[in-house]
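In what follows, a structure is listed as structure tokens, so that the remarks can point back to it.
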Amino acid sequence: MSINNFSDRDRRLFIETFTGDGETVHIFWNCLEKRTVRLCGRLIPDGVEDPLEYLRCSELVEPSARPSFDLFCNKVNSEINQWASDKRLAIDIPLRLREGIAYTLCHVSILFGCGDDGRFTSAHINITPYSEKEISEREIIDIFTSEKAPKIFSQRITRLMDKNRDRNIAFIQFDVDRFKLINDTYGVEMGDELLKYIKDSLTVICTDEQPFTRLTADVFMIVTAFDTENEIVGFIRSIESTMGKKYKGIEYRLTFGVAIAEDRKLHSRCHGDNATLARKSVKGNALNNIGFYNGSLKKALYRQNDIEEDMADAMLNNEFVMYLQPKYSISTGRIIGAEALARWMHPKKGLIPPSDFVPVFEKNGFIVKLDQLMWEKACVKIRSWIDSGITPVPISVNISREYLNFFDVVGKFRELIDKYNIPIHLLEAEITESVDAAETADVVRQMKKCGFTMLMDDFGSGFSSLNMLKTTPFDVLKIDRGFLSEFMESERGRKIIAHTISMSRDIGLDIIAEGVETVDQAEFLQSCGCDTAQGFYYSKPIPEEEFDKRLNPEKSPFSK
Ligand code: C2E
Ligand code: MG
Ligand code: MG
């Protein structure tokens, strides 16, 4: 075959390959004519259209290495199609170099040659088997298992930073969501296999300029230079799409944290720690799996650590108390119910609102204990009203998504009703709209079958309200504070509120408006046919004793 059709560079490459070391397989692949010219090696015959495709379909790639080899081939093809500039791609992969011989770990590297128009004309593929010594050291090959890994990784980061003084450097950390669950469900071997797949994928995805390592079990780190934040998001999305969301039928999801190395004098470990904080800040977030580090994140997470340290003791020391927020009839001005809301009376920090601790408890699962405590307190309260001759009103309690998804809500509610011997209509349950409407619908149906009144909390605050309404048979709809205040501001918004109320009545739902703060709001709601309101205009959430005074001034033990 003639080499006259090629650029000078291709010609030089072609000639260089003749000086091979005998061990290395040199393949010259003519991308334009779609044929290979084998130079110093066996493995791939002359004239094959696409040498990578040939390897892919042969028995020459070790079976367990096939998924990552597939990824590598995809990446090579997409580079060719993008007509990118000079590129070198490489992978370490066990190959069978000669028939009948065992698989040998090889370094496959591809250097593309471009024509004058920047289009790829050729690829020079080198397949070099690693020596026994290199394999036993494994230092270059697998910095995941080597004891020297941290040192090599940190040297590579330093080199990257030195080389890119005028660009930004990002520390991108990621882990596999609920990896423990994958281990428990599919077995530890499968978990290990998934981690190996991720590691192999990284060798394909990351270039020589993007050092990466595995930090602990399922936590990985990549360091890369970049110019814009969008570039990082694009890189992360390309990691996700290259790896896919499934491995051997196991669905998995990755959560990313990004820290930008603004102060290059800091040890790379600090940037790594910041990336950890960023990753943890979005853990469990269904809508966003990329967290970016910023200073306030650190403060928030320190607060989170404080909360987590104190929470168990707080439960033992009875620091969680129940506040009750009255629900009023707008027309009569009388209290017709209450919502139980948790407060934390911290011995040093004073009263902590739920907005500080509920999100933390939702993440770490402690919310389940808090929920149960509040439900029990509500039942104790109802019992005490009955015992002291006060006409009781229903108390609604909040059910967290965690409880809903993993525990027996119906059983627990029944148990409480029986234990305190209270009429079932006096204990009501609030569930906020959620993404997994189907599971919620199931629990709501069972609760209703038992006789409990079910309230849909925060209607209009999220994106699935109408869907929940369609699929889930609630009794009462609670209009969210934000929805009310925001929509009240315009004529169009007021119409939407009015129609939401009439629609709800039409489908047999009662309505409570939450967060009523002004007399205008109360009057407007009443004019639309909504007679029940809960909000600061009437009362903030108050301690139990104060609620007793308002509910029944004569009977209250605190009345004068
Ligand atoms: P939520 O269940 O929607 O409770 C209503 C929240 O709105 C309460 O906040 C209440 O104080 C506030 N609110 C009511 N009316 C007004 C108003 O007119 N203006 C303003 N600005 N706010 C008003 P709170 O007590 O801070 O509770 C916040 C959230 O924390 C609750 O929202 C609920 O999702 C959660 N939470 C509280 N206690 C518990 C609990 O025991 N278990 C669970 N799972 N979540 C709880
Ligand atoms: Mg609520
Ligand atoms: Mg609410």
Side-chain angles (χ1 to χ4, degrees), residues 307 311 314-315 318-328 330 335 337-345 351-381 394-407 409 412-413 416 427-434 440 443 453-462 465 468 474-486 488 511-522 524-525 532-544 546-547:
I307 288 175
M311 65 189 187
M315 186 66 79
N318 280 323
E319 290 169 22
F320 294 108
V321 296
M322 178 178 72
Y323 269 39
L324 291 171
Q325 186 175 30
K327 297 173 187 172
Y328 282 86
I330 299 177
I335 294 178
E339 176 175 5
L341 293 156
R343 296 289 181 269
W344 184 348
M345 296 290 188
L351 188 128
I352 308 177
S355 52
D356 279 10
F357 59 85
V358 165
V360 180
F361 291 179
E362 278 170 349
K363 273 190 196 169
N364 65 22
F366 197 73
I367 192 69
V368 170
K369 290 201 168 156
L370 181 76
D371 276 356
Q372 234 166 255
L373 182 74
M374 287 302 127
W375 305 346
E376 183 125 19
K377 282 182 184 289
C379 291
V380 170
K381 182 87 257 175
I395 299 181
S396 62
V397 293
N398 290 286
I399 302 180
S400 66
R401 196 169 304 167
E402 188 76 9
Y403 212 108
L404 207 62
N405 290 345
F406 299 107
F407 297 88
V409 180
K412 188 68 202 173
F413 266 64
L416 285 170
L427 184 64
E428 301 179 342
E430 297 193 8
I431 297 180
T432 192
E433 61 167 47
S434 77
T440 309
V443 178
T453 305
M454 300 302 295
L455 286 69
M456 179 181 182
D457 203 358
D458 308 325
F459 179 86
S461 65
S465 302
M468 278 277 277
F474 283 101
D475 300 291
V476 183
L477 189 147
K478 288 188 86 174
I479 294 184
D480 182 62
R481 177 167 68 93
F483 181 62
L484 179 68
S485 59
E486 201 185 313
M488 270 285 288
I511 291 261
I512 301 180
E514 207 170 26
V516 178
E517 290 181 337
T518 63
V519 64
D520 287 351
Q521 287 176 342
F524 171 70
L525 288 162
T532 316
Q534 175 187 343
F536 291 180
Y537 173 64
Y538 293 97
S539 168
K540 289 192 169 181
I542 47 180
E544 290 179 41
E546 210 173 306
F547 186 89

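Atoms within each ligand, like the ligands themselves, are counted from 1 in listed order.
Note: no N/O pair closer than 3.5 Å links Ser355 and ligand 1 by distance alone. Polar contact check, Phe536 against ligand 1: a nitrogen or oxygen pair lies under 3.5 Å apart.
Among Ile367, Leu373, Asn398, the residue whose heavy atom sits closest to atom 39 (C) of ligand 1 is Asn398. For atom 27 (O) of ligand 1, the nearest non-hydrogen atom from the set Ser396, Pro354, Ser461 comes from Pro354. Nearest to atom 43 (C) of ligand 1 by heavy atom, out of Asp480, Asp356, Asp371, is Asp371.
Every atom of ligand 1 with a heavy atom of Pro541 under 4.0 Å away is listed here by number and element: 11 (O). Each of the atoms 41 (O) of ligand 1 lies under 4.0 Å from some heavy atom of Met374.
Counting only heavy atoms, the protein gets under 4.0 Å from atom 23 (C) of ligand 1.
Of the possible polar contacts, none joining the Gln534 side chain to the Ala338 backbone as a donor-acceptor pair under 3.5 Å is found.
Protein-derived N/O/S atoms nearer than 2.8 Å to the Mg ion (ligand 3) total 4, waters excluded.
Within Glu339, the N, O or S atom at minimum distance from the Mg ion (ligand 2) carries the name OE2.
Within 6.0 Å of the NZ atom in Lys363, the count of heavy atoms belonging to other residues, nucleotides or ligands exceeds 12.
No donor-acceptor contact under 3.5 angstrom links the side chains of Asp475 and Thr453, judged on distance only.
Nearest to atom 7 (O) of ligand 1 among the protein's heavy atoms is Glu514 OE2, 4.7 Å.
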